[in-house]
Amino acid sequence: MPEGPTIKFLAQKLQKFVGEKVTEASGYGEMDKSKIDNIKLENIETFGKNLIFLFKDFFVTAHFGLFGSMKINERKKVNASFALHFTNDEINFYVTRTKLYEGKPQDYFNFKTDILKPEFDQKLILETLQNKFSKKMIGDVLMDQSIFTGVGNIIRVEVLYRSKIHPESIVEKIPVKKLKELIKITAYYAEEFLILMTNDCVKKDAIVYAKKVCPIHKTDLEIEKMGKVKRTTYWCKKCQKLYN
DNA sequence: AGTCATGTTGACGA
DNA sequence: CTCGTCAACATGAC
């Protein structure tokens, strides 16, 4: 269900709970929930595909994996893996993995890599690509959460098409100008994705993801589980140049 | 009904 | 030790 923008969308929906008192937490997940006991929810934010609930001295991350979902004041038939209870409300999470951390998110996460944060640092991303990922295929690197935090398969496929870069291109062979363009387009498309979320148009408005034909050339798209990520990748070999 | 998926982790063996 | 492979995940859309 989630890529970074999906999680940010959920975080926005939950803002009304900020400042409220959490009476208790429940769920079959293994995380120790004893500290969440009549405590104020200080803030809700995100890091990539993690939803973050901040309390005074600690915080909890919630990750949806592939099947995760969330309901506000509604329950599904199956038990929740995690739930936050308020005096009159509850937030239920299904198939969601949670983890509790002491301290602040900034102690653990570098917001400069998060494609949806104002702190997203395009120059840092370019340097990291050149220094640590130069021999790798760009289609693989885009899915790496340590450098493109929040990118999922839809974003990966769409930004490669929009940048006209073949997914199997090797990072060091791609002209710097093209790499910069790719990074910029990734941040831009992440914002677009978030807007499309509100109208449920992400898949409908995707250009190549889960499509069959390139809209420019009217020719069949390549559809393959490429690289190490082995995720279904859609590309047009006429539009997207292979640098290798 | 079978298949496939917006994701990650941990087990296992080479 | 490190890498590839595979399953698992109270799932859900087509």
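Reminder, nothing fancy here: chain letters follow the sequence lines and each chain counts from 1. Side chains included, hydrogens not; waters and symmetry mates left out as well; all remaining heavy atoms used.
- Under a hydrophobic clustering in which Ile, Leu, Val, Met, Phe, Trp and Tyr are joined whenever their side-chain heavy atoms come within less than 4.5 Å, directly or via other members, A/Val78 and A/Phe93 fall into different clusters.
- Ring pair A/Tyr101/A/Phe59 is parallel by interplanar angle, where below 30° counts as parallel and above 60° as perpendicular.
- The CZ atom of A/Phe64 sits 16 Å away from the P atom of B/dT9 (whole-angstrom rounding).
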Nucleotide pairing, DNA chain B (Watson-Crick or G-U, distances under 3.5 Å), in dot-bracket with [ ] and |: .||||.||||||||

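- Rounded to a whole Å, the CZ atom of A/Phe148 is 15 Å from the P atom of B/dT8.
- At the heavy-atom level, A/Phe193 lies under 4.0 Å from base atoms of the strands shown.
- At a threshold of 4.5 Å between non-hydrogen side-chain atoms, the residues A/Val208 and A/Trp235 do not count as touching.
- Nucleotides C/dA10 and B/dG2, compared at atom P, are 22 Å apart to the nearest Å.
- In this structure A/Ser34 satisfies the side-chain hydrogen bond (donor to acceptor under 3.5 Å, both in side chains) test together with A/Asp32, sequence neighbours excluded.
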Nucleic acid footprint by protein, nucleotides 4-14 of chain C - heavy-atom cut-off 4.0 Å, B for base, S for sugar-phosphate alone: SS---BBBS--

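- Scanning for side-chain hydrogen bond (donor to acceptor under 3.5 Å, both in side chains) contacts around A/Arg97 gives an empty result, with sequence neighbours left out.
- The shortest distance between the side-chain N/O atoms of A/Arg231 and the OP1/OP2 oxygens of B/dG7 is below 4.0 Å.
- In this structure, C/dA7 shows a glycosidic angle more than 90 degrees from zero, which is the anti conformation.
- Within residues 2-10 of chain A, the residues that place at least one heavy atom under 4.0 Å from DNA chain B are, in residue-number order, A/Pro2, A/Glu3, A/Thr6.
- Here salt bridge (Lys or Arg N to Asp or Glu O under 4.0 Å) pairs that include residues 68-91 of chain A, with residues two or more places apart or in two chains, are A/Arg75-A/Glu90.
- A straight line from CG of A/Leu51 to P of B/dG7 spans 16 Å, rounded to a whole angstrom.
- Atom C1' of C/dC9 sits at a distance of 16 Å from the matching atom of B/dC4, rounded to the whole Å.
- Rounded to whole Å, the distance from CZ on A/Arg156 to P on B/dA5 is 11 Å.
- Listed by residue number, the members of residues 99-110 of chain A with any heavy atom below 4.0 angstrom from DNA chain C form an empty set.
- Side-chain contact check for A/Thr96 and A/His63: no donor-acceptor pair (N or O, by modelled atom type) lies under 3.5 Å.
- Residues forming a side-chain hydrogen bond (donor to acceptor under 3.5 Å, both in side chains) with A/Thr23 (at least two apart in sequence, or on another chain): none.
- Sequence neighbours left out, the pairs with a member in residues 126-142 of chain A that pass salt bridge (Lys or Arg N to Asp or Glu O under 4.0 Å) are A/Lys123-A/Glu127, A/Lys135-A/Glu172.
- The CD atom of A/Glu224 sits 15 Å away from the P atom of B/dC4 (whole-angstrom rounding).
- Each ring pair (Phe, Tyr, Trp, His ring centres under 6.0 Å) pair with one or both residues in residues 21-49 of chain A, not counting sequence neighbours, appears once here: A/Phe47-A/Phe109, A/Phe47-A/Phe111.
- Salt-bridge annotation for A/Glu168 and A/Lys237: absent, with no side-chain N of the basic residue lying under 4.0 Å from a carboxylate O of the acidic one.
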Donor-acceptor pairs under 3.5 angstrom involving side-chain atoms of residues 212-226 of chain A: please list them, not counting sequence neighbours.
{"residue": "A/Lys218", "atom": "NZ", "partner": "A/Pro215", "partner atom": "O", "Å": "3.0"}
{"residue": "A/Lys225", "atom": "NZ", "partner": "A/Thr232", "partner atom": "OG1", "Å": "3.1"}

In a table with atom names and distances, give each donor-acceptor pair under 3.5 Å that connects a side chain of residues 178-190 of chain A to protein atoms at least two apart or in another chain.
{"residue": "A/Lys178", "atom": "NZ", "partner": "A/Ser163", "partner atom": "O", "Å": "2.8"}
{"residue": "A/Thr186", "atom": "OG1", "partner": "A/Leu182", "partner atom": "O", "Å": "2.7"}

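- The distance between atom CG of A/Asp140 and atom C1' of C/dC3, rounded to the nearest whole Å, is 14 Å.
- Using atom C1' as the reference point in both B/dA1 and C/dG12, the two lie 14 Å apart (nearest Å).
- Using a cutoff of 4.0 Å between basic side-chain nitrogens and carboxylate oxygens, A/Glu102 and A/Lys35 are scored as salt-bridged.
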